[in-house]
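Structure first, then comments.
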Amino acid sequence: MTDTTTPTTALTTTVADDNVSVEGVPTGLFIGGRWRAATGGATFSVRDPSTGEVLAEVADATPADGIAALDAAVAAQDSWAATPPRQRSDLLRAAFDLVREHAEDLAALMTLEMGKPLAEARGEVTYGGEFLRWFSEEAVRIGGDYRTNPEGTGRAIVLKRPVGPVYAITPWNFPLAMATRKIGPALAAGCTVVVKPAELTPLTTLFLVELFRRAGLPDGVLNVVPSLDAKGLSEPIIADRRLRKLTFTGSTPVGSALLKQAADNVLRTSMELGGNAPLLVFDDADLDTAVTAAMLAKFRNVGEACTAANRFFVQEGIADAFTAALTAKVDGFRVGRGSEEGTTMGPLIDDRAVDKAARLVDDAVARGARLVTGGQRVDRPGTYYAPTVLDDVQPGSDILTTEIFGPVVSITRFTTEEEGIRLANDTEFGLIAYAYTSDFARGQRLAERLETGMLGLNTGVVSNAAFPFGGVKSSGLGREGSHEGIEEYLESVYVLTPDPFAA
Ligand code: ADP
């Protein structure tokens, strides 16, 4: 019998219209260094959101399979922690090189299962791959220090140790980058990992794990368990005393439920949760810069990003010019399948996402917003919503308090800097803010007063492996990327010794 969950060596991902194939991509569970079917053989379908067509049947891990993956991670933990940093670094570097070599395959896979245009998928391969290179460099720079107590009577050696086995849960919107942002630092720190990719987009992660296998991954160091039953699979893993860390990217309600579960097991946690990003345009902004940056901040990934600008606040003196220039660009989008030549905006992930965008726009219009462009579903197969601009959105509209996760601009006008800051901070979230101004001192005031983990000042994209991505308030806990990212997977241990000069 052939084991269909085992990948062939050649990947043939074709995205030509009449020939969609993801042959060669593994569709099984990867546990203890081996691809295998789920217990009982259950599978679930992965679909192309631009057509609804089934791309692949993927193994549907049972709770017992989840625990088997944790068993494998636990069994490998001590030897992985004891593996010389240079070897851990080399594995991440080899995986990075394979990601680069297979950049087109990974981009095509992401376009197929998630819908983003190929150009954006290629951008994500570059961005996501970078976490493997960055953390291959961090793996060999884990240090400790030597301290004297204030009394002068003792010396402490502070060392860093891996926190232990990690459970990583990732979302569907950036299928590659959200996985590498967790796997990179965990492996660099000496932690083993069980990863559960989003059920809508597991193929990219499965292929990434296969690249790790080809790069020489030791058995059990990285395991992957796709499942339709995220809750049923995750609860026993999170409750297991052998697990030491939970890292999650997704919605705030799920993150908050996971934090409650993690509390019972006193787990270290990193949480990248929802956003409701304000985007402030001041009268003194350079109009071209503001419009170009705002387009990126809003429409990258069809707006399906926790960093997407959700609430535009535009100062009165520039509001008409800004709205007109932005709308001209929005009307220039070519909506279609991500794999089609010339497409600049793909479908939303599913029907629910389209319904949500439609509901938010309809509510805003009913409460007095002006529909400048868009405002309807796109009449073609697949889950599309037209790029939309709303002006004069009124207080009380749901769109101001809900993460849109779609291609909708919501503009509210304001008068003074003070009012702009107050409006921007009027949310439970605090992941990112964007601000456009040519006054540097104003930029500094905003940096000190906006309640946010990140601020894009005169720019539309902030994400980079070298910087500490993360939020404040209900947007999460912890940071991903930079030297701070690896600390999430390390703990400090100190050894106290007496004053060596004491008689
Ligand atoms: P979104 O609304 O963007 O899909 P979710 O927070 O629902 O975000 O999903 C992000 C990830 O969390 C996915 O991998 C999903 O399967 C997983 N997930 C959803 N609900 C739970 C849960 N109750 N326990 C564990 N994981 C979950």
Side-chain angles (χ1 to χ4, degrees), residues 29 44-47 49 58-63 65-67 69-70 110 113-116 166-183 193-206 208-209 223-240 243 245-265 267 269-276 301-308 310 348-357 359-360 383 402-406 429 431 471 474-477 480:
L29 316 177
F44 65 91
S45 307
V46 181
R47 290 174 189 277
V58 165
D60 188 3
T62 64
D65 293 329
I67 292 299
L70 180 61
M110 275 194 280
E113 65 175 347
M114 189 274 169
K116 65 182 78 187
V166 173
Y167 183 43
I169 303 177
T170 59
W172 49 263
N173 58 346
F174 293 97
L176 180 73
M178 297 303 103
T180 56
R181 254 174 31 171
K182 300 179 185 320
I183 294 168
V193 177
V194 175
V195 58
K196 191 207 81 61
E199 55 277 24
L200 293 169
T201 59
L203 298 173
T204 306
T205 312
L206 291 168
L208 173 70
V209 170
N223 308 275
V224 60
V225 280
S227 173
L228 258 195
D229 181 12
K231 190 166 185 278
L233 179 88
S234 301
E235 273 177 2
I237 298 178
I238 297 168
D240 194 302
L243 186 75
K245 164 98 194 182
L246 171 65
T247 172
F248 170 77
T249 298
S251 61
T252 297
V254 173
S256 149
L258 290 172
L259 277 170
K260 290 190 187 107
Q261 292 171 39
D264 283 340
N265 201 359
L267 291 178
T269 55
S270 299
M271 295 276 149
E272 296 291 350
L273 307 179
N276 184 9
N301 227 40
V302 207
E304 291 174 325
C306 50
T307 51
N310 213 59
L348 292 179
I349 189 72
D350 58 13
D351 288 324
R352 270 191 334 159
V354 176
D355 290 346
K356 183 180 181 186
R359 183 175 57 72
L360 291 172
T383 45
T402 309
E403 194 173 20
I404 306 168
F405 247 59
F429 296 101
L431 185 63
S474 293
S475 289
L477 301 167
E480 292 189 319

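Order of appearance sets the numbers: ligands from 1, and atoms from 1 within every ligand.
Looking only at atom types and distance, the side chain of K182 has a donor-acceptor partner in the side chain of T249 under 3.5 Å away. Side-chain contact annotation: S270 with K245, donor-acceptor N/O pair under 3.5 Å present.
The two atoms that bring C306 and L273 nearest to each other are CB-O, 3.9 Å, heavy atoms only. Scanning all heavy atoms of the two residues, the minimum distance from V225 to D65 falls at CG1-O, 4.1 Å. The minimum heavy-atom distance linking S227 with K196 is given by the pair O-NZ, 4.4 Å.
Summary of contacts: the protein heavy atom closest to atom 8 (O) of ligand 1 is S251 N, 3.7 Å. In terms of protein heavy-atom proximity, atom 17 (C) of ligand 1 is nearest to I169 CG2, 3.7 Å. Counting only heavy atoms of the protein, atom 27 (C) of ligand 1 lies nearest to A230 CB, 3.4 Å. Given atom 12 (O) of ligand 1, the protein heavy atom at minimum distance is F248 CE1, 3.2 Å. Looking from atom 25 (C) of ligand 1 to the surrounding protein, the closest heavy atom is S234 OG, 3.4 Å. Closest to atom 1 (P) of ligand 1 among all protein heavy atoms lies W172 NE1, 3.7 Å. Among all protein heavy atoms, the one lying closest to atom 21 (C) of ligand 1 is V254 CG1, 3.5 Å.
The distance from atom CE of M114 to atom CG of L176, rounded to the nearest 0.5 Å, is 12.5 Å. How far CD of E113 is from OG1 of T201: 5.0 Å, rounded to the nearest 0.5 Å. Atoms CD1 and CG, from I67 and D240 in turn, are 5.0 Å apart once rounded to the nearest 0.5 Å. Taking CD of E272 as the reference point, atom CD1 of I169 lies at 14.0 Å (rounded to 0.5 Å).
Interface atoms of ligand 1 facing E199, defined by a heavy-atom separation under 4.0 Å, are 15 (C), 16 (O). Contact atoms of ligand 1 toward L258: 24 (N), 25 (C) (distance under 4.0 Å to a heavy atom of the residue). Close contacts between ligand 1 and K196 involve ligand atoms 14 (O), 15 (C), 16 (O) [criterion: under 4.0 Å to a heavy atom]. Close approach to T170 involves these atoms of ligand 1, each under 4.0 Å from a residue heavy atom: 11 (C), 13 (C), 14 (O).
Contact annotation: F405 has no heavy atom less than 4.0 Å from any atom of ligand 1.
Between T249 and ligand 1, no pair of N/O atoms sits closer than 3.5 Å. Checked against a 3.5 angstrom limit, the closest N/O atoms of R352 and ligand 1 fall outside it.
Proximity of atom 14 (O) of ligand 1 to the protein is indicated by at least one non-hydrogen atom lying closer than 4.0 angstrom.
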Checklist entry - Would V302 and K116 count as a side-chain contact (heavy atoms from CB on, under 4.5 Å) if you check the C-alpha gap in whole Å, the side-chain angles of each, and the deciding distance to 0.1 Å? => result CA-CA 7 Å; V302 207; K116 65 182 78 187; 5.6 Å; no

